Amino acid sequence: MTQLIRAIIDSSALKSNLRQIRAKAPGSRVMAVVKANAYGHGLVPTALALPEADAFAVARLEEGIALREAGIRQEIVLLEGVFSSEQLAEAARQRFEIVVHDPLQVALLERSAAEHRFVVWLKVDTGMNRLGFRTEDFGAVLARVRALARPPAEVRLMTHLARADERDCPMTRMQLERFDALTHGLGLARSIGNSAGILGWEEARGEWIRPGLALYGISPFSQESSAGFGLIPVMTLASTVITVRRVPRGESVGYGGAWTAPHDSRIAIVAGGYGDGLLRSLSTGTPVLVNGRRAPLVGRVAMDMIAVDVSGLPEVEVGTRCVLWGRGLEVSELAAHAGTVAYELLCGVRARVPREVI
Ligand SMILES: *Cc1c(COP(=O)(O)O)cnc(C)c1O
């Protein structure tokens with residue numbers, strides 16, 4: 001029992017998920033999305049476990065630099081691009097590919113004296129209204145990028161879907177149609193789908209796909225399991241019972257007396273709290289796997305521990321192994337209990353939780 005709580009990262013599951021995703025989009029190259037510390041899984045170990053990925057996508061320059069320092073040689077795409085001439089020069093040194101979504105970024109390229117010829121990903125806003133050029137401005141921006149003194153090594157096009165995780169959503173259809181009407185016939189590589197786009201919308205595949213969540217083995221559709229897509233959860237957040245106590249009927253457990261024992265109960269205290277990334281909004285009734293069997297969390301999540309009602313599990317004792325999410329308990333199920341999405345729970349696993357890559 002060297003670590004009470006740890007995030008076990010199954011690198012064979014990562015590789016297997018990448019194969020499953022490729023099988024869905026056999027004609028597409030894969031840009032594995034590893035931003036936000038690879039959704040909490042660990043940036044460098046995740047990238048090192050995916051030598052078959054054609055490229056990696058990160059949100060920030062520093063994330064890309066960390067990959068290069070770890071020896072990653074594949075293409076690296078900066079999803080938000082660069083915001084100063086210093087960042088542009090660094091991106092050139094590191095051979096990063098840049099997303100261009102704002103006029104400032106076009107101006108930076110026009111003013112740059114760098115020898116490097118970038119792969120430029122022009123981002124089109126087809127309705128999400130977050131990043132990207134509006135369709136009516138796209139033609140002019142493309143012309144400016146092509147007219148650069150140092151023209152791009154290649155211009156590729158991308159857009160991002162706002163509601164692809166909703167089956168048959170008319171907004172997705174509208175975004176797909178807009179993007180196709182604007183870009184079809186230009187002879188430029190295109191990228192549309194995130195995980196939900198790739199798995200749910202055949203037209204969202206294009207020359208490049210950008211899976212994040214599915215790579216980590218999580219279904220992007222709330223009503224559909226990972227297994228249904230052949231995906232295997234990569235992270236298992238494993239913990240340990242640190243004591244078991246009897247709580248007589250009528251006594252409360254934890255801060256705020258938020259749960260009162262309705263009958264004489266056996267309560268296991270399990271290592272893991274909001275100091276590890278569990279959300280305080282996980283409430284009574286949230287499942288925990290104790291020794292492989294489901295038992296309900298009771299009372300409030302504290303900084304370092306939670307309480308679990310194991311009245312029905314007489315074998316549980318100090319040292320018993322638990323799973324907070326992962327194999328056998330989908331993180332999406334917990335996310336639903338906390339009123340959030342799997343992404344937030346995964347990204348939220350704190351630095352103090354050791355990652356154990358297997
Ligand atoms: C984060 C991100 C993705 C990956 O999304 P998932 O839903 O995790 O697959 C793809 N594209 C862009 C632009 C992103 O920001």
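Just the heavy atoms: all of them, side chains too, but no hydrogens, waters or symmetry mates, feed the values below. Counting starts at 1 for both ligands and their atoms, in listed order. Note that this is a predicted model, so its numbers are computed, not measured.
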query: Does Phe96 offer a backbone N or O that forms a donor-acceptor pair with the side chain of Arg68 under 3.5 Å?
result: no
message: Using a 3.5 Å distance criterion without hydrogens, assess whether the side chain of Asp125 forms a donor-acceptor pair with backbone atoms of Phe133.
response: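 Pair absent, no side-chain N/O of Asp125 close to backbone of Phe133.
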query: Between atom CG of Leu282 and atom OG1 of Thr286, what is the distance when rounded to the nearest 0.5 Å?
result: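 So the gap between those two atoms works out to 4.5 Å.
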message: I want to know if ligand 1 touches Pro211 in the polar sense, i.e. an N/O pair below 3.5 angstrom.
response: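 Not met; the criterion fails.
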field: Nitrogen or oxygen atoms of Arg130 and ligand 1 under 3.5 Å apart
entry: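 No, Arg130 has no N/O under 3.5 Å of an N/O on ligand 1.
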field: Pair Leu142-Arg146, side-chain contact (heavy atoms from CB on, under 4.5 Å): steps then yes or no
entry: CA-CA 6 Å; Leu142 178 61; Arg146 284 178 155 165; 3.8 Å; yes
Can you tell me which residue and heavy atom of the protein come closest to [atom], and the distance to 0.1 Å?
atom                    : value
atom 7 (O) of ligand 1  : Tyr343 OH, 2.6 Å
atom 8 (O) of ligand 1  : Tyr39 OH, 2.5 Å
atom 5 (O) of ligand 1  : Asn194 CB, 3.4 Å
atom 12 (C) of ligand 1 : His160 CE1, 3.4 Å
atom 9 (O) of ligand 1  : Ser195 OG, 2.5 Å
atom 15 (O) of ligand 1 : Lys35 NZ, 2.6 Å
atom 11 (N) of ligand 1 : Arg210 NE, 2.9 Å

field: Same cluster (ILVMFWY, side-chain, under 4.5 Å), Phe118 and Phe83
entry: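 Phe118 and Phe83: one cluster.
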statement: Restricting to heavy atoms, the pick from Leu213, Ile198, Val33 nearest atom 6 (P) of ligand 1 would be Leu213
query: Any side-chain donor paired with an acceptor under 3.5 Å for Ser191 and Arg210?
result: yes
task: Using the six-membered ring wherever Trp is involved, compare the ring planes of Tyr343 and Tyr39 and label them parallel, tilted or perpendicular (cut-offs 30° and 60°).
output: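 Tyr343 vs Tyr39 ring planes: tilted.
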